[in-house]
Amino acid sequence: MELYKAHINKDNDTVQSVKDHCLSTAKLAKEFAVKELKSIVYAIGLMHDIGKYQPSFQKKISYQENIRVEHSTCGAIVAKSKYNNALSLIMQYCIAGHHSGIPNGGYANDTEDMTTLRGRMNRSFEDYSAYENELTIPYIDEDLFNKFLLRNCKTQKEVIEKFAFVTRYCFSCLTDADSIDTDRFCNGNRDRELKADFVKCLNKINNNFASLSNVTDLQQSRSLIQQQVYDKVNIDSEIYLMNMPTGSGKTLCSMKFALERAIKTGKKRIIYVIPYNSIIDQTAELFENLFGNDAQILRHQSSFSYDDTDLDEDYKNIIRRASENWNAQIIITTFVQFFESVYANKRGKLRKMHNMSDSIIIFDEAHLMQQNYLQPCLRSVSYITKILNSEALFLTATMPDFQRLIYEYSLSDSVIVNLIDDTSMFQRFSKCSYIDIGSIGAEELAAKIYDNPSTLIVVNKRSAARHLYSVCSGKKFHLSTYMTAYDRKNTIESIKSEIEKLEKDYPNLENVPDNRKITVVSTSLIEAGVDLDFYCVFREMSGLDSILQAGGRCNREGKRENSKVFVFSFDSEKTSVSDDERANITKGLFAKYSDISCPESIKSYYEKLFFINKSNIIKNSISEKCSNIKSIPFSKYAEEFELIDSNTVSVAIARDENSIKLIDDIKNFRSVNHRKLQKYTFSVHRSEFELLFKQHVINDYGSGIWCLTKHKYYDKNIGVIF
């Protein structure tokens with residue numbers, strides 16, 4: 001019998017047959033899948049490489065002909081002939097796209113030259129029927145699958161959404177299984193999961209809490225609030241809401257709850273999702289230092305590279321492989337990585353999606369989910385918890401009515417538990433008052449700050465931060481994304497050091513000389529996760545959540561009374577009508593409430609923000625882009641799904657020896673290590689990019705990665721100079 005080859009190991013000339021590869025991939029995919037989809041992904045795995053039975057592919061792999069042979073669509077054609085309706089279609093999407101990505105569905109009149117699924121299904125191929133002698137395509141109960149698909153769906157749009165989610169999930173099982181089986185054959189069995197001992201990690205958290213003082217009213221209130229969370233650890237739910245004020249120990253409390261739930265329910269992993277790259281370091285370092293050798297934590301973010309660490313090279317290779325499919329028990333990642341993976345269409349991102357199952361997923365600062373992508377984000381969380389046997393924990397100090405949001409914009413039968421019922425102690429964590437001082441000029445604002453030993457000023461625009469920094473005097477610091485992450489991190493460390501020295505030299509912060517007073521001017525990047533404590537804060541008018549986050553940097557330790565956060569608008573903008581909906585809502589709250597941080601004010605803010613503009617919340621759902629499951633635009637939707645504004649361009653600059661080498665590699669070899677380079681980039685709007693381009697101070701050296709070539713156009717304190 002002829003041996004049909006799927007792969008050849010060039011190192012030892014061994015051959016993996018198409019039959020063996022398809023069977024192994026099918027079995028592995030079945031292991032990955034939830035029980036309702038095991039038979040389906042098994043069949044998908046069996047059929048995915050049927051096109052390799054074509055004579056032309058066998059000539060190619062045997063080095064007889066150097067030709068391109070399309071093989072992916074053949075398995076999709078077999079799936080169409082063997083199965084019907086939605087069951088068949090989900091297989092077609094997965095198999096046809098298992099190399100190039102899940103395609104757009106297309107339309108009935110698409111021709112074979114088009115890359116849509118319907119276009120590709122019209123193509124002709126060589127005879128590949130030899131698969132019938134080696135592979136037995138199984139029977140699948142279509143009615144059972146249809147019942148699963150239609151469960152919890154009340155409208156056609158909900159059917160489209162669920163079908164799209166299940167398709168991407170099955171694609172994830174297939175492509176990860178395909179990649180792993182191919183890697184095992186070509187490179188030997190290199191599988192290795194990053195391990196964590198949940199019991200030992202929990203013990204370390206418990207020991208940490210036990211070592212904390214519990215004497216003052218504030219400390220006792222913190223314990224009582226946390227105890228509400230722990231009292232509900234035995235209540236099963238799909239989604240938990242954990243509303244805790246700043247300073248109440250949210251981060252460790254959420255991880256303790258997640259560990260207890262994981263141990264109780266046998267969950268495989270804990271995924272900690274953080275809104276910004278700029279704040280992930282602090283959380284990761286907290287857990288790494290606390291858990292030590294009891295947890296091999298996977299950090300997956302665009303601005304972090306394990307190559308920059310002093311870890312053993314073999315361990316680095318294990319981590320690199322684990323980051324491809326999240327084969328780890330504790331993962332720390334960002335909103336962008338998480339949600340763009342769920343809504344991707346390429347195997348590089350979607351491989352990890354199936355490992356979001358059987359997990360406890362913590363969404364830190366959950367209120368920062370983007371409003372114009374809120375429905376897709378909430379839907380994905382509902383599906384992951386309801387279909388994939390995971391549990392989600394929404395964590396924030398300014399909690400929207402997520403229960404209502406999920407019921408209205410996602411699944412109305414989601415099981416949701418509120419972990420904090422008694423909020424009466426929240427006021428004890430209110431360490432400052434909020435005062436609207438109206439319009440003010442930059443120079444006048446700069447003059448107002450000098451009565452304070454340390455001041456944080458947060459503004460909405462990078463240009464405003466730069467101008468305000470220029471008119472301030474004394475010991476001053478600037479933070480914005482005009483600076484590289486490398487310089488921002490160094491600046492934050494300098495600020496921490498100066499504040500610590502100030503408090504040590506002047507314990508009561510009295511009679512501080514002018515030359516020791518500290519001023520920090522920043523954009524909103526400082527508001528979440530940056531653990532700094534200022535005597536006074538000024539915040540430009542914005543959304544209530546942003547203002548309260550800025551307030552979290554004022555009197556953070558509660559050592560002082562009558563601390564104030566002054567909210568202002570620049571007088572240069574007072575005559576214009578604000579198009580910032582969030583700021584306009586907040587202005588109304590100042591007129592209505594004497595304390596804008598009270599629960600009633602927060603509830604009113606989110607009521608107006610999330611329930612008035614329904615069209616903005618639902619506009620980016622995939623069901624708004626098509627009318628049925630045959631025409632879902634998987635590829636187009638994935639390209640357009642961007643949680644970060646795409647109207648900006650990243651530019652790299654050499655800041656140390658490591659970055660000099662990275663940029664030299666771009667110049668000389670067109671070689672780009674995106675992850676390592678990320679922390680040496682700043683961002684500019686496209687108009688600013690064009691200005692730099694016209695001045696001939698940037699070059700991509702043919703790599704597509706832009707680098708600043710004139711160092712006088714960059715200052716480590718303020719960033720890029722135009």
Side-chain angles (χ1 to χ4, degrees), residues 6 25 41 43-45 47-54 56-57 60-61 65-83 85-128 160-161 163-179 182 340-351 353 376 620-642 646 704:
T25 299
V41 298
I44 291 172
M47 294 183 286
H48 83 286
D49 266 358
I50 277 175
K52 289 185 176 180
Y53 284 96
Q54 294 177 95
S56 58
F57 183 87
K60 174 188 175 183
I61 198 169
E65 293 187 28
N66 185 17
I67 54 175
R68 180 186 177 277
V69 181
E70 179 182 349
H71 70 275
S72 300
T73 306
C74 300
I77 292 172
V78 173
K80 185 177 181 180
S81 69
K82 297 289 185 181
Y83 304 100
N85 303 315
L87 176 61
S88 172
L89 192 58
I90 205 168
M91 294 178 172
Q92 293 172 49
Y93 275 120
C94 291
I95 297 169
H98 80 268
H99 280 295
S100 57
I102 309 175
N104 295 325
Y107 301 95
N109 60 351
D110 287 357
T111 55
E112 65 178 42
D113 60 315
M114 302 175 74
T115 59
T116 62
L117 178 62
R118 294 207 209 185
R120 290 174 61 175
M121 295 295 282
N122 288 325
R123 296 174 184 174
S124 298
F125 297 90
E126 296 176 25
D127 179 26
Y128 50 84
I160 292 171
E161 294 285 350
F163 178 90
F165 177 87
V166 172
T167 300
R168 288 189 294 264
Y169 175 76
C170 290
F171 183 87
S172 174
C173 294
L174 167 66
T175 54
D176 196 31
D178 183 22
S179 298
T182 302
E340 289 189 3
S341 293
V342 173
Y343 285 102
N345 78 309
K346 302 287 189 182
R347 64 189 288 154
K349 284 191 172 181
L350 270 177
R351 274 186 67 184
M353 182 183 173
N620 285 319
S621 290
I622 200 167
S623 58
E624 296 292 312
K625 316 294 183 183
C626 60
S627 57
N628 60 69
I629 60 175
K630 294 181 180 180
S631 59
I632 296 176
F634 282 103
S635 178
K636 186 173 186 292
Y637 186 78
E639 290 173 4
E640 295 175 352
F641 190 93
E642 293 183 326
S646 61

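- Phe641 is linked by a ring pair (Phe, Tyr, Trp, His ring centres under 6.0 Å) to Tyr343, Tyr373, Tyr637, counting only residues two or more places apart in sequence or in another chain.
- Judged by distance alone, the side chain of Lys630 and the main-chain N or O of Gly106 form no donor-acceptor pair under 3.5 Å.
- To the nearest 0.5 Å, atom CG of residue Asn109 and atom CE of residue Met114 are 7.5 Å apart.
- Remark: Arg168 pairs with no residue by the salt bridge (charged side-chain N to carboxylate O under 4.0 Å, His left out) rule, at least two apart or across chains.
- Scanning both residues, Leu350 and Ala344, for their nearest heavy atoms gives CD1-O, 3.3 Å.
- To the nearest 0.5 Å, atoms CZ (Arg118) and OG1 (Thr111) are separated by 13.0 Å.
- Across Thr116 and Asp110, no two heavy atoms sit closer than the pair OG1-OD2, 2.7 Å.
- Within the 3.5 Å criterion, the main-chain N or O of Ser124 finds no donor-acceptor partner in the side chain of Glu112.
- Of all heavy-atom pairs between Met353 and Ser172, the closest is N-OG, 3.4 Å.
- Side-chain contact between Glu70 and Arg120 is present, with at least one heavy-atom pair separated by less than 4.5 Å.
- For the residue pair Asn104 and Phe634, the shortest heavy atom distance occurs at OD1-N, 3.3 Å.
- Contact check for Cys170 versus Val41: side-chain heavy atoms found under the 4.5 Å cut-off.
- A distance of 12.0 Å separates NE2 of His98 from CE of Met47, quoted to the nearest 0.5 Å.
- Distance check, rounded to the nearest 0.5 Å: CD1 of Ile50 to OG1 of Thr73 gives 12.5 Å.
- Residues Ala86 and Ile629 come closest through the heavy atom pair CB-CD1, 3.9 Å.
- Salt-bridge annotation for Glu640 and Lys625: absent, with no side-chain N of the basic residue lying under 4.0 Å from a carboxylate O of the acidic one.
- A distance of 6.0 Å or more separates the ring centres of His48 and His99.
- Between the side chains of Arg347 and Ser179, a donor-acceptor pair is found at a separation under 3.5 Å.
- For the pair Thr167 and Cys94, the minimum side-chain heavy-atom distance is below 4.5 Å.
- In this structure, Glu126 contributes its side chain and Gln54 its backbone to no donor-acceptor pair below 3.5 Å.
- For the atom pair CG (Leu89) and CD1 (Ile632), the distance works out to 7.5 Å, reported to the nearest 0.5 Å.
- Note: Asn620 CG to Ile622 CD1 = 11.0 Å, rounded to the nearest 0.5 Å.
- Of all the heavy atoms in Lys346 and Ser100, the pair that sits closest is NZ-O, 2.7 Å.
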